[in-house]
Protein chains: 2
Amino acid sequence: MKKKDITITEIASLSGVNISTVSRAINHPEMVAEKTRQKVMYYVRKYDYKPNLFAQGLQTKKSRIVALVVPNFSNLSFANISKGVQERLNLSDYSIVIFNSHEDELLERRICKEIAKLHIDGVIFASGSSLIPPIDLLPEDTAKLFIDRDGSDINVDSLIFDFAGGLDKAVKHLKVRNHRKIALIAGDISSYTGQEKVLTFKKALQKHELPLHPNCIVDTLWSAKEGWNATEKLLSMEEAPTAIIAATDTLALGAIGAAASREYKIPEEISIVGFNNEPGSECFNPPLTTMKFSDYGIGNDAATLILKRIYQPDSELITTKYSLEIIERNTVGNARNY
Amino acid sequence: MKKKDITITEIASLSGVNISTVSRAINHPEMVAEKTRQKVMYYVRKYDYKPNLFAQGLQTKKSRIVALVVPNFSNLSFANISKGVQERLNLSDYSIVIFNSHEDELLERRICKEIAKLHIDGVIFASGSSLIPPIDLLPEDTAKLFIDRDGSDINVDSLIFDFAGGLDKAVKHLKVRNHRKIALIAGDISSYTGQEKVLTFKKALQKHELPLHPNCIVDTLWSAKEGWNATEKLLSMEEAPTAIIAATDTLALGAIGAAASREYKIPEEISIVGFNNEPGSECFNPPLTTMKFSDYGIGNDAATLILKRIYQPDSELITTKYSLEIIERNTVGNARNY
DNA sequence: ATGAAAGCGCTAACAG
DNA sequence: CTGTTAGCGCTTTCAT
């Protein structure tokens, strides 16, 4: 298959028209006589003409590529999000490329530079890492969107989860089952968003008239191992909590493992609730009770929104909040009465 | 930051030389007088000049981008592989973009077309899905590489795992512990590679003088849920196997969940071995005994190899096999004696 | 060692 | 409605 790609010039001479007419027939069909258009498109299809992205980009400064930047693959809701983005984008003949920053600040900066270099039209940052993405490294006219991080103060569209609402539901769910000492494995709280999570948790406890015990909010990164370690810490306290809320299912996976390894019966002796309903959490041992959002839907919305921002850079700033619903499985039980 | 990128022309006039000299100073330093070069590079650095990829690509037909195509994010070894690829590539000033085919044949084809359109220089296909990647959709001069799939027959470099060797070790490990009835959750066996896996398993059993029981090889996809379902099937047999080998840790996660939900004690009543040592499997309940390869190392090698192929398209075809080592954790025990 | 000039494939004025 | 033309920013002959 050495046959090199067919160019607009060749299509033009085949159709017996000028190259600019071919260009118009493709990009602005309404500017071309129906008959000419037909003729041109016939050859376009026959030879499967594809515009050369380099040439097109050189001219238009657009690549028709959107990037999705994720901090890791461990938070498996990213898989569904990416699928949602993918399918929506394909509908509009855009491509999606994924970058994994591996929760590394330097790498994230590097990625932004690459994105700039590739003249990518829009970037979706999926949260997880502690930092505000270095969007200053991106051209101003690159569309930007945050998932799970509020960018309204820096003029970036955002799709955020109602973590507060979810936490409230989770706490309530636990309180009804007699839990009085609830701990939070918070993920990364070094950031502003992280701090907000802590605040949110405190408020939820307060609202439900539950005490906040010292050391019951533990700061971690995002791997299962981190969840394990946090749980070790929690369960070795003099009076261990009877329930643990983990900020992600992956964290909860580690929490379950650690609790079980200490011979805690789940959910009889310790209750655990996760967040995100990541693929696989229905298969944990035991299956995880978790807070679910529509990951695929969010991906879809994200793609729709970024396209809108690409086409209409000055349209109104959007911040959408997604609610979380509890999925009851087998990691929550009743706390023993005192 | 509206300031548009600085171009080679501007650098040229700043340095008082012709643009072609600037181009040479950057791309072929040896062709330029040391002094001129210094002068040019001074301005290059001062204004952080970056060549325009579109213009460069239009000329050279190269993008300095390598794509990594994965079938899912569930097999978490992809995370480490991607990191290995990333870091090696960055060293050579190449970018990596990731595509997720979501185990969808159509999507995979679409992705290949996008890769062609983007004029990506090299593509690394990480296995998992059942099919041979549609590399015929890629230009002939795009470097290609398979991970975990043998492409030697179609002239593609491959990095493959010694699955046979790993399986042999796993079977032996189990046999020593008195297991006589061992089942395999095989992942997808509809493909050639899959069939080979089945054969391999049969051989391993034979070698260790173990019987192959009917229905003890189960064909699945790659999600945890699939592992769960397979295990349900296995454990509901009249005489259930005492040990299960799962082709990936994710599959094993489901296997553990299903076994536990049927009140099997792990590892006392059922032993489970995974493959790949995916991040998180050390935190399963109980922590998973699994077969490990150097995922980061493979990613690194993959990047090195694809770069070589890009620079020297006609260099000798390479097929490297990576061995697997067992990591003993807590999911394997002794089978009861009969 | 350096400059001049052609051209990669495409889009978008500008004419007609 | 269509053709002509001028670049987009860069690399690479071909001269000098």
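Lettering follows sequence order; numbering is per chain, from 1. Fair warning: this is a prediction, and the values are worked out from it, not measured in the lab.
Using cut-offs of 30° and 60° for the angle between ring planes, the A:Phe73 and B:Phe73 rings count as parallel.
Atom pair B:Arg64:CZ and D:dC10:P shows a separation of 15 Å (rounding to whole Å applied). Between A:Lys61 atom NZ and C:dG9 atom C1' the separation is 14 Å, expressed in whole Å. Atom-to-atom, CD1 of B:Ile8 to P of D:dC8 comes out at 14 Å; the value is rounded to the nearest Å. Rounding to whole angstrom units, CG of residue B:Asp5 and C1' of D:dC10 are separated by 14 Å. Between the CG atom of A:Leu53 and the C1' atom of C:dC8 there is a distance of 14 Å, rounded to whole Å. For B:Leu58 and C:dT11, the CG to P distance is 12 Å, given to the nearest whole Å. Atom CD1 in A:Ile11 sits roughly 12 Å away from atom P in C:dT11 (whole-Å rounding). What separates CZ of A:Phe54 from P of D:dC10 is a distance of 14 Å, to the nearest Å.
Taking each heavy atom of B:Ile115 and B:Ala67 in turn, the nearest pair found is CD1-CB, 3.9 Å.
Side-chain atoms of A:Val70 and A:Phe125, non-hydrogen and from C-beta on, never get closer than 4.5 Å to each other.
Within a 6.0 Å sphere centred on CD of B:Glu30, other residues, nucleotides and ligands contribute more than 12 heavy atoms.
For the pairing with B:Val44, the side-chain contact (heavy atoms from CB on, under 4.5 Å) check across B:Ile6, B:Ile8, B:Ile11 returns one residue only, B:Ile11.
Taking the six-membered ring for Trp and the full ring otherwise, the centers of B:Phe161 and B:Phe293 sit less than 6.0 Å from each other.
DNA chain D lies under 4.0 Å from at least one heavy atom of each of the following residues of residues 16-39 of chain A: A:Val17, A:Asn18, A:Ser20, A:Thr21, A:Arg24, A:Met31, A:Val32, A:Ala33, A:Thr36.
Residue A:Gln56 has a polar side-chain atom (N or O) positioned under 4.0 Å from OP1 or OP2 of C:dT11.
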